[in-house]
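Computed over heavy atoms, backbone and side chain alike; hydrogens, waters and symmetry mates excluded.
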Amino acid sequence: MERLPELVEHDELVLRRWTVDDAETVGALVAANLEHLRPYMPWIAGEPLPLDARRTLHADWERQWLAGGDVVLGIFEDGVAVGSTGLHRRLGPGALEIGYWVDAGHLRRGIASRASAGLTDAAFVLPGIDRVEIHHDLTNVHSRRIPEALGFTLVGKSTEPRSPQAPADTGVDLVWRTTRTEWLARPRRP
């Protein structure tokens with residue numbers, strides 16, 4: 001399976017694969033955003049991770065990526081880490097899912113939208129990828145703004161409600177999708 005991109009530059013952002021060497025940076029970024037992320041990010045329950053555990057997690061991410069699996073990337077603006085994003089293969093052949101979060105001090109600047117647009121562009125360069133999706137909890141109105149702004153189509157709710165995993169989760173996700181044809185036909189910004 002072809003590896004997902006480890007570097008994407010888009011609209012004044014650099015999306016770069018997190019490595020083991022970034023463990024301290026990620027740890028500090030996550031620690032600064034614990035309460036901001038807690039409502040909708042189930043993995044935050046295990047934070048803050050000790051540095052050794054975080055390095056192990058990053059090494060696992062690298063092994064998965066090298067094997068053609070998911071890619072987890074830092075979002076950088078002007079050289080500063082302002083969030084995290086990724087492309088995930090959990091939807092099966094022909095599809096990728098985008099996930100994202102942005103540092104609380106950098107909200108409402110279009111960072112998640114710009115990062116997701118860059119990842120969507122990068123996804124459709126890959127052979128065999130014909131759709132990209134964004135899933136978010138039904139009540140997460142902030143995450144909803146990203147696929148809406150990008151012109152993704154709301155295709156429904158998750159068919160199998162999951163157990164809520166984070167304090168604000170309802171267990172029902174909204175599913176947004178764009179296809180290669182739709183994405184390439186959309187009006188481009190100058």
Side-chain angles (χ1 to χ4, degrees), residues 1-11 13-106 111-129 131-137 140 143 146-147 162 165-166 169 173:
M1 191 175 302
E2 185 167 341
R3 286 187 195 141
L4 297 173
E6 65 179 318
L7 178 68
V8 174
E9 295 181 20
H10 180 81
D11 203 1
L13 295 177
V14 173
L15 313 176
R16 176 183 56 76
R17 188 172 56 82
W18 291 124
T19 67
V20 173
D21 292 340
D22 295 311
E24 288 183 58
T25 299
V26 176
L29 190 60
V30 169
N33 284 279
L34 289 173
E35 295 313 309
H36 164 61
L37 298 172
R38 191 171 313 284
Y40 291 106
M41 299 294 180
W43 53 266
I44 207 72
E47 295 288 349
L49 288 177
L51 185 56
D52 286 345
R54 185 161 310 282
R55 285 183 178 132
T56 299
L57 176 63
H58 286 232
D60 288 344
W61 289 345
E62 181 156 358
R63 277 191 289 283
Q64 291 172 14
W65 175 76
L66 286 168
D70 297 352
V71 64
V72 183
L73 307 130
I75 304 171
F76 296 85
E77 185 177 52
D78 297 325
V80 176
V82 297
S84 190
T85 190
L87 287 171
H88 306 281
R89 294 191 182 271
R90 55 185 160 233
L91 301 175
L96 293 171
E97 182 181 346
I98 296 173
Y100 47 80
W101 65 267
V102 175
D103 172 67
H106 291 85
I111 291 170
S113 294
R114 290 184 284 148
S116 295
L119 287 182
T120 304
D121 284 345
F124 288 135
V125 169
L126 299 169
I129 299 300
R131 67 192 187 285
V132 173
E133 295 185 2
I134 294 175
H135 298 197
H136 64 82
D137 190 81
N140 191 339
S143 280
I146 295 6
R162 59 180 161 65
Q165 299 175 345
D169 274 352
D173 282 343

Walk me through it: do Val30 and Ile44 pass the test side chain to side chain contact (heavy atoms under 4.5 Å, CB included)?
-> CA-CA 8 Å; Val30 169; Ile44 207 72; 3.8 Å; yes
Could you check Asp70 against Leu87 for side chain to side chain contact (heavy atoms under 4.5 Å, CB included), going step by step and ending with a plain yes or no?
-> CA-CA 6 Å; Asp70 297 352; Leu87 287 171; over 6 Å; no
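Every ring-ring contact (aromatic ring centres under 6.0 Å, His included) that Phe76 has, sequence neighbours left out, goes to Trp18. Taking the side-chain hydrogen bond (donor to acceptor under 3.5 Å, both in side chains) definition, one finds that Arg54 meets it with Glu47, sequence neighbours left out. A search for side-chain hydrogen bond (donor to acceptor under 3.5 Å, both in side chains) contacts involving Arg89 returns nothing, not counting sequence neighbours. Legend: residues meeting salt bridge (charged side-chain N to carboxylate O under 4.0 Å, His left out) with Glu35, ordered by chain and number and at least two apart, are Arg38. Asp22 pairs by the side-chain hydrogen bond (donor to acceptor under 3.5 Å, both in side chains) definition with Arg16, Thr19, not counting sequence neighbours. In terms of the salt bridge (charged side-chain N to carboxylate O under 4.0 Å, His left out) criterion, Glu9 has no residue partners (sequence neighbours excluded).
For the atom pair OG1 (Thr56) and CG (Leu51), the distance works out to 9.5 Å, reported to the nearest 0.5 Å. Asn140 contributes atom CG, which lies 9.5 Å from atom CG of Asp173 (distance to the nearest 0.5 angstrom). To the nearest 0.5 Å, the span separating NE2 on His106 from CG on Leu29 amounts to 9.0 Å. Here the CD1 atom belonging to Ile134 is positioned 4.5 Å from the CD1 atom belonging to Ile98, to the nearest 0.5 angstrom. With rounding to the nearest 0.5 angstrom, the CG atom of Asp11 is 9.5 Å from the CD atom of Glu77. Note: Met41 CE to Trp101 CH2 = 8.0 Å, rounded to the nearest 0.5 Å.
Looking only at side-chain heavy atoms (C-beta outward), Leu119 and Leu96 stay at 4.5 Å or farther from each other. In this structure, Ser84 and Val26 have side chains that are not in contact, with every pair of non-hydrogen atoms separated by 4.5 Å or more. Within the 4.5 Å cutoff, the side chain of Asp103 has no heavy atoms near those of the Val80 side chain. Between Leu7 and Leu15 the shortest side-chain heavy-atom distance does not fall below 4.5 Å. For the pair Tyr100 and Ser116, the minimum side-chain heavy-atom distance is below 4.5 Å. Counting heavy atoms from C-beta on, the side chains of Trp43 and Leu49 never come closer than 4.5 Å. The shortest distance between side-chain heavy atoms of Leu91 and His135 falls below 4.5 Å. For the pair Arg162 and Asp169, the minimum side-chain heavy-atom distance is below 4.5 Å.
Contact detail for Ile129 and Ala95: the closest heavy-atom pair is CD1-N, 4.1 Å. Nearest heavy atoms, Pro147 versus His136: CG-CD2, 4.5 Å. Considering all non-hydrogen atoms of both residues, Gly69 and Leu4 come closest at O-CD1, 3.4 Å. Smallest separation of non-hydrogen atoms from Pro5 and Ala122: CG-CB, 3.9 Å. Heavy-atom minimum distance, Pro93 versus Arg131: O-NH1, 3.6 Å. The nearest pair of heavy atoms linking Ala112 to Ile146 is CB-CG1, 3.7 Å.
Atom CD of Glu24 has 12 or fewer neighbouring heavy atoms from other residues, nucleotides or ligands inside a 6.0 Å radius.
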